[in-house]
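Everything on this sheet refers to the single structure shown next.
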Amino acid sequence: MNNKVEFFDCYDFNNELILIEMLINDSSDKIDFGQFVVPEQDLPESDWQCAYLEQYLNSQGTEKICDLYEGPDEAVNPCRIAFFIYKFDDQDKKIITPYGTFSLNSLKPMPKRLLKCIEFEDEDDNDDD
């Protein structure tokens, strides 16, 4: 286990998505979200799901410190991040990161502090489902 992660939790965001929150003792300019993946046994590694809509938060996790799709103007360390992944049928899923492997089995309800600050853009905004 990598000792750079101070905090990890995963939340039930909606019917399709999980929100993952981490506090990492690393500089924001060193974080590569393309390396945060959920392995799928029947898929090549290049098709594994990776972090989606990454967001940088203040140290308390109560507000964003930069706009969506952007990193902080100046590198921050430690770095509190939140990002989405799609839900899955397999009950024993894990996410692999440069900072360790973490279980996604125990989804918690979304905290109010995150509901107030996390942005979500639905790819299907024009769907009437």
Side-chain angles (χ1 to χ4, degrees):
M1 173 75 175
N2 191 311
N3 63 357
K4 287 194 170 194
V5 175
E6 288 186 31
F7 175 81
F8 174 90
D9 233 330
C10 48
Y11 307 106
D12 190 1
F13 183 75
N14 64 21
N15 289 334
E16 295 180 2
L17 295 166
I18 294 170
L19 181 72
I20 294 175
E21 182 183 23
M22 298 176 76
L23 178 59
I24 301 171
N25 282 319
D26 203 356
S27 181
S28 57
D29 59 357
K30 293 183 180 177
I31 295 174
D32 179 359
F33 288 105
Q35 294 183 12
F36 289 60
V37 296
V38 179
E40 290 286 340
Q41 183 176 354
D42 299 331
L43 293 175
E45 191 171 332
S46 61
D47 289 340
W48 289 355
Q49 183 180 174
C50 63
Y52 170 64
L53 286 178
E54 307 88 10
Q55 299 174 52
Y56 292 88
L57 306 174
N58 66 1
S59 60
Q60 298 81 29
T62 56
E63 61 185 49
K64 289 181 16 180
I65 60 171
C66 55
D67 290 335
L68 192 60
Y69 303 113
E70 294 182 15
D73 289 337
E74 293 184 22
V76 295
N77 188 355
C79 191
R80 193 169 197 134
I81 58 172
F83 58 90
F84 293 97
I85 60 166
Y86 287 95
K87 288 184 178 176
F88 33 78
D89 294 329
D90 185 348
Q91 294 297 337
D92 193 29
K93 284 291 185 189
K94 297 180 179 1
I95 187 162
I96 298 172
T97 77
Y99 307 100
T101 300
F102 303 91
S103 173
L104 300 173
N105 291 342
S106 300
L107 296 183
K108 296 180 178 179
M110 279 287 293
K112 289 181 183 178
R113 66 179 170 79
L114 290 176
L115 285 171
K116 293 178 182 178
C117 67
I118 292 296
E119 281 186 71
F120 174 71
E121 291 184 358
D122 191 349
E123 293 176 356
D124 300 323
D125 278 341
N126 296 327
D127 271 359
D128 294 328
D129 289 348

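None of the values given here were measured: they were computed from a predicted structure.
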Parallel, tilted or perpendicular, as decided by the 30° and 60° cut-offs, for the rings of Y99 and F36: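 F36 and Y99: tilted rings.
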Parallel, tilted or perpendicular: ring planes of F102 versus F8, cut at 30 and 60 degrees: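 F102 vs F8 ring planes: parallel.
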State the [atom1]-[atom2] distance between [X] and [Y], to the nearest 0.5 angstrom.
| X | Y | atom1 | atom2 | result |
| --- | --- | --- | --- | --- |
| I20 | L107 | CD1 | CG | 9.0 Å |
| S106 | D9 | OG | CG | 9.0 Å |
| S28 | I65 | OG | CD1 | 6.5 Å |
| I81 | I31 | CD1 | CD1 | 5.0 Å |
| F83 | I95 | CZ | CD1 | 4.0 Å |
| I85 | L104 | CD1 | CG | 4.5 Å |

Main-chain N/O of [Y] paired with [X] side-chain donor or acceptor, under 3.5 Å:
| X | Y | value |
| --- | --- | --- |
| R80 | S59 | yes |
| Q55 | E119 | yes |
| K93 | P39 | yes |
| W48 | E40 | yes |
| E54 | F33 | no |
| D12 | K108 | no |
| K4 | P78 | no |

Considering all heavy atoms of both residues, which atom of [X] and which atom of [Y] are nearest to each other, and what is their separation?
| X | Y | value |
| --- | --- | --- |
| G71 | Y56 | CA-CE1, 3.8 Å |
| E63 | C117 | CA-CB, 3.7 Å |
| G34 | V37 | O-CG1, 3.7 Å |

Path from I96 to F7 over hydrophobic side-chain contacts below 4.5 Å: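 No, it is not one cluster - the side chains of I96 and F7 are not joined through contacts under 4.5 Å.
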Side chains of [X] and [Y], heavy atoms from C-beta outward: is any pair under 4.5 Å?
| X | Y | value |
| --- | --- | --- |
| T62 | L57 | no |
| F88 | I18 | yes |
| V38 | Y86 | no |

Salt bridge flag under 4.0 Å for residues R113 and E21: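 Salt bridge: yes.
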Greater than 12 external heavy atoms within 6.0 Å of E74's CD: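 Count not over threshold, so no.
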Heavy-atom neighbours of D47 CG exceed 12 at 6.0 Å: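 For D47, atom CG is crowded (more than 12 foreign heavy atoms under 6.0 Å).
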